[in-house]
Amino acid sequence: MSAKPFKVLITHPEVPQSGIDLLNENCELVRVESLPPKRSELLQKIRGVDGILWGGHEALNAEVLDAAGPQLKSISTMSAGIDYVDLDEVKRRKIPLGHTPTVLDNAVADLAVGLLIAAGRRFHEGRKKIETGNWENYHLNWMLGQDVRDSVVGFYGFGGIGQAIAKRLSGFDIDQVLYTTRRRIDRETEKELNAKKVEFNELLTKSDFVVIAAPLTAATQGVFNATAFNKMKNTAVLINIARGKIVNQNDLYDALRSNRIFAAGLDVVDPEPLPPNSKLLTLDNIIILPHIGSATNRTRSDMATIAAHNVLRGLVGERMLSPAY
Ligand SMILES: O=C(O)C(=O)CO
């Protein structure tokens, strides 16, 4: 029998070493080795474990909790968003659940600023012009885009990631930040970021750039639909670094194709992976990335470290570093 008091399952073979090393000190590790991870392997190896470091965005639901068994006492995801977790089911079983917000704020914010500029300044369309031999720089008004300077940037959701984006954009001399959240943020941060809480309608009608930075919930799903796009400026640029399902993708396609809004920059789509024949990919005025917001070496390593600490704390009944509920 192992001298280590706890058995922990790592559900993905590519969880960074920082997290593995921490867990390895005190726990016997069981690892899913298939890539992409096979559900059948996970369901087999999960039996009897005390803790789980959940490395991907696969459904964490009653099926896996049942397969693990009643001794399971600690789980942490390696993500900020936990929309793939059946939270009610985890809560009902009173299993502590951690996640890894905050450590990825900077990486996602960097990417969001990149998307905002790339979409507003037509990077994708420009590249296509070159490839197709349509570099028509004899026009004076060719490939004109949207200025970030003096713009109003509206945030749908204004937590750590939204605020990190706003902080970066203040260096671009924007005019004003608007935000829609359930609760007003603290006055000092509002002042520092020149941010004002507004109703959703006002956010849509006044913003030059609209950034979606909210979690996916029943209340946020599909909120960006034709009705919303019809309220936006026709020069507006939509950025989504949160979850694809917050946007009605068919409506977004129509709004971009008809130039009802100017452009979009998406790091998240629905479904993921996006099928290569998706009609969104036929548009010139959209930048789509394959959900790489937190994909930097340092960020992923930090996420693994936090997730491992969460699991270790849960195992001994301590409060996790970043509990999800
Ligand atoms: O951690 C998450 O939830 C992400 O989607 C990172 O981009």
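Predicted model, so just to flag it, every value in this text is computed and none were measured.
One hydrophobic cluster holds both Ile117 and Val177 under the rule that ILVMFWY side chains link at heavy-atom gaps under 4.5 Å. In this structure, Val103 is not a member of the same hydrophobic cluster as Ile75, with clusters built from ILVMFWY side-chain heavy atoms closer than 4.5 Å. Note on Leu29 and Val49: separate hydrophobic clusters, where clusters join Ile, Leu, Val, Met, Phe, Trp and Tyr whose side-chain heavy atoms are under 4.5 Å apart, directly or indirectly. Residues Ile246 and Val211 fall into different hydrophobic clusters, defined by Ile, Leu, Val, Met, Phe, Trp and Tyr side chains chained together at heavy-atom separations under 4.5 Å. Val198 and Val153 are members of different hydrophobic clusters when ILVMFWY side chains are connected at heavy-atom separations under 4.5 Å.
Under the 4.5 Å side-chain criterion, counting only non-hydrogen atoms from C-beta, Phe229 is not in contact with Asn248. Using a 4.5 Å heavy-atom threshold, the side chains of Glu33 and Lys45 count as touching. Counting heavy atoms from C-beta on, the side chains of Thr102 and Ser322 never come closer than 4.5 Å. Taking the side chain as every heavy atom from C-beta outward, Asn234 and Arg260 approach each other to under 4.5 Å.
Looking only at distances, a side-chain donor or acceptor of Asn310 sits under 3.5 Å from a matching main-chain atom of His99. Counting only distance, with no hydrogens or angles, the side chain of Arg122 and the backbone of Ala263 share no donor-acceptor pair below 3.5 Å. In this structure, Gln71 contributes its side chain and Ala68 its backbone to a donor-acceptor pair below 3.5 Å. In terms of modelled atom types and a separation under 3.5 Å, the side chain of His12 and the main chain of Glu14 share a donor-acceptor contact. Here the side chain of Asn285 pairs a donor or acceptor atom with the backbone of Phe262 at under 3.5 angstrom. In this structure, the side chain of Thr282 engages the main chain of Lys279 through a donor-acceptor pair within 3.5 Å.
Counting non-hydrogen atoms of neighbouring residues, nucleotides and ligands closer than 6.0 angstrom, the CZ atom of Arg121 reaches no more than 12 such neighbours. Atom NZ of Lys128 is surrounded by more than 12 heavy atoms from other residues, nucleotides or ligands within 6.0 Å. The neighbour count for Arg257 CZ, taken as heavy atoms of other residues, nucleotides or ligands under 6.0 Å away, does not exceed 12. Residue-environment remark: NZ (Lys7) exceeds the threshold of 12 foreign heavy atoms within 6.0 Å. The 12-atom threshold is exceeded at CH2 of Trp142, counting heavy atoms of other residues, nucleotides or ligands nearer than 6.0 Å. Under a cut-off of 6.0 angstrom, the local environment of NZ in Lys245 is sparse, with at most 12 non-hydrogen atoms contributed by other residues, nucleotides or ligands. Counting non-hydrogen atoms of other residues, nucleotides and ligands closer than 6.0 Å to NZ of Lys206 gives a total of 12 or fewer. In Glu199, the CD atom is not crowded: 12 or fewer heavy atoms of neighbouring residues, nucleotides or ligands sit closer than 6.0 Å.
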Would Phe200 and Phe224 count as a ring-ring contact (aromatic ring centres under 6.0 Å, His included) if you check the C-alpha gap in whole Å, the side-chain angles of each, and the deciding distance to 0.1 Å? CA-CA 10 Å; Phe200 187 45; Phe224 281 82; 5.4 Å; yes

Run the numbers on Leu312 and Cys27 for side-chain contact (heavy atoms from CB on, under 4.5 Å), then give the verdict. CA-CA 9 Å; Leu312 289 169; Cys27 309; 3.8 Å; yes

Quick one: do Leu252 and Ile261 satisfy side-chain contact (heavy atoms from CB on, under 4.5 Å)? Show the steps, please. CA-CA 9 Å; Leu252 177 64; Ile261 65 171; 4.0 Å; yes

Trace of the side-chain contact (heavy atoms from CB on, under 4.5 Å) decision for Ser170 with Leu193: CA-CA 7 Å; Ser170 67; Leu193 299 174; 5.7 Å; no

Decide yes or no on side-chain contact (heavy atoms from CB on, under 4.5 Å) for Asn106 and Arg168, but give the supporting numbers first. CA-CA 9 Å; Asn106 288 329; Arg168 281 158 175 70; 3.1 Å; yes

Using side chain to side chain donor-acceptor pair (under 3.5 Å), reason through Thr299 and Ser294 one step at a time and then give a plain yes or no. CA-CA 6 Å; Thr299 302; Ser294 65; over 6 Å; no

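With salt bridges taken as basic N to acidic carboxylate O contacts below 4.0 Å, one links Arg92 and Glu89. In summary, Arg93 and Asp66 engage in a salt bridge, as defined by a charged side-chain N under 4.0 Å from a carboxylate O. Under a 4.0 Å N-O distance rule, the pair Arg184/Glu190 qualifies as a salt bridge. Ion pair Asp50/Lys73 flagged as a salt bridge, since at least one NZ, NE, NH1 or NH2 atom sits closer than 4.0 Å to an Asp/Glu carboxylate oxygen.
Of the candidates Leu9, Val64, Val15, Trp54 forms a side-chain contact (heavy atoms from CB on, under 4.5 Å) with just one, namely Val64. The residue from Gln221, His57, Arg243 that alone fulfils the side-chain hydrogen bond (donor to acceptor under 3.5 Å, both in side chains) condition with Asp83 is Arg243.
Pairing each heavy atom of Pro101 with each of Ala80, the nearest pair is CA-CB, 3.9 Å.
Under 3.5 Å, the side chains of Asp208 and Ser151 contain no donor-acceptor pair of N or O atoms.
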